[in-house]
Amino acid sequence: MMETAPGRTAAQKMGIRAGTVAGLIDPPVDYLKVLGELPEGVVTEEDSRRVCPVTVWFVHDPGEYEAALPSRRTLATRSRLWIVWQKGWRDGLNGNFVREAALAMGLVDYKICSLDGVWSGMVFTVKKARG
């Protein structure tokens, strides 16, 4: 797993490229501050029904995260699924919790980064079956 270089915006770290549509799930009111300057032509869609090339899921509560994870899992088959949480230990919610719950659902993380001073994130994909 790779840690990204400092000095880039969160959007750049997350692979949000010019002209991309980024889906946002449960974003905080200041999500544009969290993502930093967006590349030209990027469109964000909150709680969109369509599958976007990049989806950023802002997780706020461990119970809600676990309950929604099975339905969100399918996004990882067609979208770069970033699961982000507030840094530190909040009501049992931290990076280890996010990773372990996702692994139990058949997801695997392949990149982690700090988005800003408050938020961290991991990108997940569906674990490929060996065979």
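- When the side-chain contact (heavy atoms from CB on, under 4.5 Å) test is applied to V118, the partners found at least two apart in sequence or on another chain are Q86, D116.
- The main-chain N or O of K13 is found under 3.5 Å from a side-chain atom of K111 such that the two form a donor-acceptor pair.
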field: Working for side chain to side chain contact (heavy atoms under 4.5 Å, CB included), residues V59 and V84
entry: CA-CA 6 Å; V59 177; V84 300; over 6 Å; no

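- Distance check: L38 CG to T9 OG1 gives 7.5 Å after rounding to the nearest 0.5 Å.
- Rounded to the nearest 0.5 Å, atoms CG (L69) and CG (L75) are 10.5 Å apart.
- When all heavy atoms of G117 and K87 are compared, the pair lying nearest together is O-CD, 3.7 Å.
- Smallest separation of non-hydrogen atoms from A18 and P39: N-CB, 3.6 Å.
- Judged purely by atom type and a 3.5 angstrom limit, W85 has no side-chain atom pairing as donor or acceptor with the backbone of V98.
- Scored by the side-chain contact (heavy atoms from CB on, under 4.5 Å) test, R73 finds M105, L107, V126 as partners (sequence neighbours excluded).
- Here I112 contributes atom CD1 and M122 contributes atom CE; the two are 4.5 Å apart, rounded to the nearest 0.5 Å.
- Follow the hydrophobic side-chain contacts under 4.5 Å out from W82 and you never reach L103; the two are in separate clusters.
- Evaluation of the side-chain hydrogen bond (donor to acceptor under 3.5 Å, both in side chains) test over residues 22-42, restricted to residues two or more places apart or in two chains, returns Y31-T44.
- Separation of atoms CZ (R80) and CD1 (I16) is listed at 9.0 Å; rounding is to 0.5 Å.
- Looking only at distances, no side-chain donor or acceptor of R72 sits under 3.5 Å from a matching main-chain atom of L81.
- Between D109 and V123 the shortest side-chain heavy-atom distance does not fall below 4.5 Å.
- In the hydrophobic clustering of ILVMFWY residues, with side-chain heavy atoms under 4.5 Å counting as a link, V43 and L32 come out apart.
- Counting only residues at least two apart or in different chains, side-chain hydrogen bond (donor to acceptor under 3.5 Å, both in side chains) contacts with residues 53-71 comprise T55-S79.
- V108 and F97 fall into different hydrophobic clusters, where Ile, Leu, Val, Met, Phe, Trp and Tyr are joined by side-chain heavy atoms under 4.5 Å apart, directly or via other members.
- Under the side-chain contact (heavy atoms from CB on, under 4.5 Å) criterion, T74 pairs with no residue at all, not counting sequence neighbours.
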